[in-house]
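In what follows, a single structure is set out as structure tokens and then discussed.
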Amino acid sequence: MAVKHNTEYENSHLYRVRHSAAHVMAEAVLELFPQGKVAIGPAIADGFYYDFDLPRALTPEDLEVIEQNMKKIIKAGHPFEKKVISAAEAKKIFADQPFKLELIEGLELGGTDEDGNPVDEKPEISLYRQNTFVDLCRGPHVATTSEINPDAVKLLNVSGAYWRGDEKRPMLQRIYGTAWEKAEELQEYLWKQEEARKRDHRKLGKELDLFSINDEVGQGLILWHPKGAKIRMLIERFWINEHEKNGYDFVYTPHIGKSQLWETSGHLGFYNENMYAPIDIEGTKYYIKPMNCPFHLYIYKSNIRSYRDLPIRYAENGTVYRYERSGVLHGLTRVRGFTQDDAHHFCRPDQMPDEIDFVVEFSINMLKAFGFRDFQAYLSTKPEKSVGDPAQWLAAEQALEESLKRHNLPYEIDQGGGAFYGPKIDFKVNDAIGREWQLTTVQFDFNEPERFDISFIGEDGQPQRPYMIHRALLGSLERFFGVLIEHYGGAFPAWLAPIQAELIPIADRHIDYANKVARELRLEGLRVHVDVRSDRMNAKIRDAQNEKIPYMLIIGDKEMESNAVSLRKRSGEDLGAIPVVDFIALARSEVDSKV
RNA sequence: GCCAACAUAGCUCAGAUGGUAGAGCAGGCGUUUCGUAAACGUCAGGUCAGGAGUUCGAUCCUCCUUGUUGGCUCCA
């Protein structure tokens with residue numbers, strides 16, 4: 001698996017610090033386990049890791065000891081010394097380190113580096129030594145361990161990792177750590193982790209009563225509670241409106257299809273390991289759908305299409321089921337049953353560039369509506385093994401790339417990273433605390449039009465093959481919901497909040513008036529709830545605040561007299577008493593502007 | 001699926017070298033009717049994830065199963 005490289009980061013001092021910290025950690029681990037075998041230990045996005053084969057499982061207490069050892073080594077200021085040697089020498093030095101021997105052999109052959117990326121020229125073999133630890137390593141490192149700030153290094157956790165990421169190879173223990181230039185940066189990183197924990201959609205999902213996953217129902221299957229379902233409905237409603245405005249036709253398709261369908265589509269061949277076992281119906285096998293496209297293709301095929309009909313855009317929030325290994329399931333973001341906001345475009349080759357532009361723009365507008373401002377695009381091109389005419393591939397790749405350029409989107413190219421059936425663009429969004437999430441995907445398909453033999457009648461009266469594009473903008477409603485929860489930290493903007501206003505009568509004598517106001521607000525299309533409990537106002541405010549309800553309307557004697565409500569926003573802002581009509585105007589404008 | 005850790009009331013968590021468990025919040029019932037982040041009292045809630053073993057006795061020890069968490073791998 002090819003790993004993308006970020007050269008700017010790799011040339012930074014921080015990268016060297018982290019890589020060096022990994023070596024120091026390895027030394028500290030070997031101090032504890034002299035017989036331990038070391039694998040690889042690179043710098044990664046926020047820190048570093050090192051993989052070990054050790055006689056026993058590490059405990060959190062071990063991590064503390066290792067961390068203390070590291071600090072001792074760091075403070076001693078050992079220099080990192082590089083030495084270039086021959087493969088034979090290297091093999092002698094690492095005679096009792098089987099993983100290193102394997103790496104050396106790889107280097108000898110000029111095959112792959114430690115990430116598994118192919119290496120063109122035969123690289124030189126170098127060692128780096130600090131104090132007692134010698135590692136086979138390309139470098140670079142800092143000059144001495146004292147360049148690592150002992151107050152800005154922290155070991156985070158231990159986990160299992162396969163040697164070279166291959167599940168058929170031994171399982172090693174991986175220790176993750178983080179390292180920064182300054183202690184404050186470490187604190188900030190840890191704060192951000194803490195913030196991420198607070199925003200965790202699984203935690204908020206429970207606290208805000210949005211969704212649950214039940215053992216008896218099944219892993220990776222989502223139960224949408226009323227409030228979560230309300231938000232989903234609002235998302236879908238908006239989505240449908242936008243699609244309607246943009247020339248999509250809506251379709252609905254079944255959840256299962258005969259095995260023949262999946263033979264034709266090719267899924268039984270190339271997607272089999274993600275599909276569930278078939279159901280036998282009167283001797284015929286049916287499969288639960290892992291994708292919606294074959295059904296959409298048959299809708300296309302149900303009639304003769306003229307070049308004048310194109311482009312055709314079929315949209316469906318289609319629920320699919322895919323087998324995922326139990327260990328990878330995660331809240332809403334990795335599940336076994338999910339609803340894709342799917343669509344398939346069929347267009348003439350000459351329409352293709354415009355169609356791409358259209359999808360790119362539409363995607364961005366959709367994501368922006370949900371408060372995402374920063375995007376990263378990834379363009380994946382033709383892999384070695386692929387179907388379809390290379391000229392078509394090239395045209396599609398160029399159209400994709402040109403569209404990204406036209407829209408001023410920062411993008412990276414993943415050479416050869418496309419599916420075998422076509423190139424694609426993925427969009428990742430950055431959420432409120434800067435994390436990346438993959439949502440949108442736009443994929444060309446040169447495979448299925450062929451397999452289903454779809455066509456349109458051209459100007460010349462001859463059948464031609466249309467281009468087909470799969471796209472999901474939000475990705476799946478489940479994942480998107482999870483990302484949204486984390487993006488907003490559960491404080492949904494008014495247009496998405498399941499309850500927009502909590503009415504808080506101060507005493508029981510205010511309940512009738514509160515109900516009257518509530519009816520008025522509901523007639524205006526606002527989602528409101530009256531807190532009729534006998535708690536004190538303060539308690540009601542606190543609860544509404546914890547529920548992250550955008551508006552709290554306090555109702556007491558003063559408000560009753562003047563047909564008003566006292567508005568408190570969840571930000572804590574107290575706007576005092578305002579006429580009910582003023583609140584309606586304010587709420588509506590905030591809902592409409594989606595803030 | 002694999003490695004590791006974890007699983008106690010609706011939620012968040014305590015607990016004992018093995019003698020069948022508690023708190024806060026939530027919930028029920030009373031009392032209170034209050035002006036911008038928690039009124040007071042009272043009651044009810046648990047086969048300590050499920051199963052097997054060791055033991056006079058298991059929620060605690062051992063094994064298995066299921067699930068969760070962090071990773072590996074994969075991806076909407």
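It should be emphasised that the depicted structure is a prediction, and the values quoted were computed from it without experimental measurement. Just so we're on the same page: letters track the sequence lines, and every chain starts at 1.
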Once you round it to whole Å, what is the distance between [atom2] of [N] and [atom1] of [X]?
X      : N     : atom1 : atom2 : result
A:I175 : B:G70 : CD1   : C1'   : 14 Å
A:E324 : B:G67 : CD    : C1'   : 18 Å
A:D209 : B:C11 : CG    : P     : 12 Å
A:I44  : B:G71 : CD1   : C1'   : 11 Å

**Asked** Is the glycosidic torsion of B:G30 within 90° of 0, making it syn, or is it anti?
**Response** anti
**Message:** Over all strands shown, is A:Q438 touching base, sugar-phosphate only, or nothing at heavy-atom distances under 4.0 angstrom?
**Reply:** sugar-phosphate
**Message:** So A:V320, base contact, sugar-phosphate only, or nothing? Heavy-atom distance under 4.0 Å.
**Reply:** nothing
Is the phosphate of [N], meaning OP1 or OP2, less than 4.0 Å from a side-chain N or O of [X]?
X      : N     : answer
A:Y176 : B:C72 : yes
A:K206 : B:U12 : yes
A:R202 : B:U69 : yes

Checking base pairs now: Watson-Crick or wobble, both atom distances under 3.5 Å. What partners [N]?
N     : value
B:U69 : B:A4
B:A9  : none
B:U42 : B:G28

**Request:** Could you encode protein contacts along nucleotides 32-43 of chain B as a string, one character per nucleotide from 5' to 3', using B for base contact, S for sugar-phosphate-only contact and - for no contact, with a heavy-atom cut-off of under 4.0 Å?
**Result:** BBBBBBBS----
**Asked** Are any of the side-chain heavy atoms of A:L484 and A:H201 separated by less than 4.5 Å?
**Response** no
**Close side-chain approach of A:Q443 to A:Y421, heavy-atom, < 4.5 Å** = yes
**Asked** Taking atom types as they are modelled, is there a donor-acceptor pair under 3.5 Å from the base of B:G1 to the side chain of A:Y323?
**Response** no
**Complete:** Among B:C74, B:G70, B:U68, the one nearest any side-chain atom of A:Q219 is B:U68
**Pairwise side-chain hydrogen bond (donor to acceptor under 3.5 Å, both in side chains) hits with a residue in residues 358-367 of chain A, at least two apart** = A:E361-A:H407
Can you check the distance between [N] and [M], where both ends of the measurement are the [atom1] atom (answer in whole Å)?
N     : M     : atom1 : answer
B:A38 : B:C25 : P     : 14 Å
B:G18 : B:U62 : P     : 11 Å
B:C60 : B:U8  : C1'   : 11 Å

**Geometric cation-pi criterion A:K289 and A:F295, 6.0 Å radius, 45° cone** = yes
**Prompt:** Within 45 degrees of the axis of the six-membered ring of A:F358 and under 6.0 Å from its centre: does A:R313 put its NZ or CZ there?
**Reply:** yes
**Message:** Which residue is it: A:W239, A:Y248, A:F427? I am looking for the one with a ring pair (Phe, Tyr, Trp, His ring centres under 6.0 Å) to A:F362.
**Reply:** A:Y248
Anything under 3.5 Å between a protein N or O and an N or O of nucleotides 3-8 of chain B, put it in a table, one pair a line.
residue	atom	partner	partner atom	Å
B:C3	O2	A:G160	N	3.2

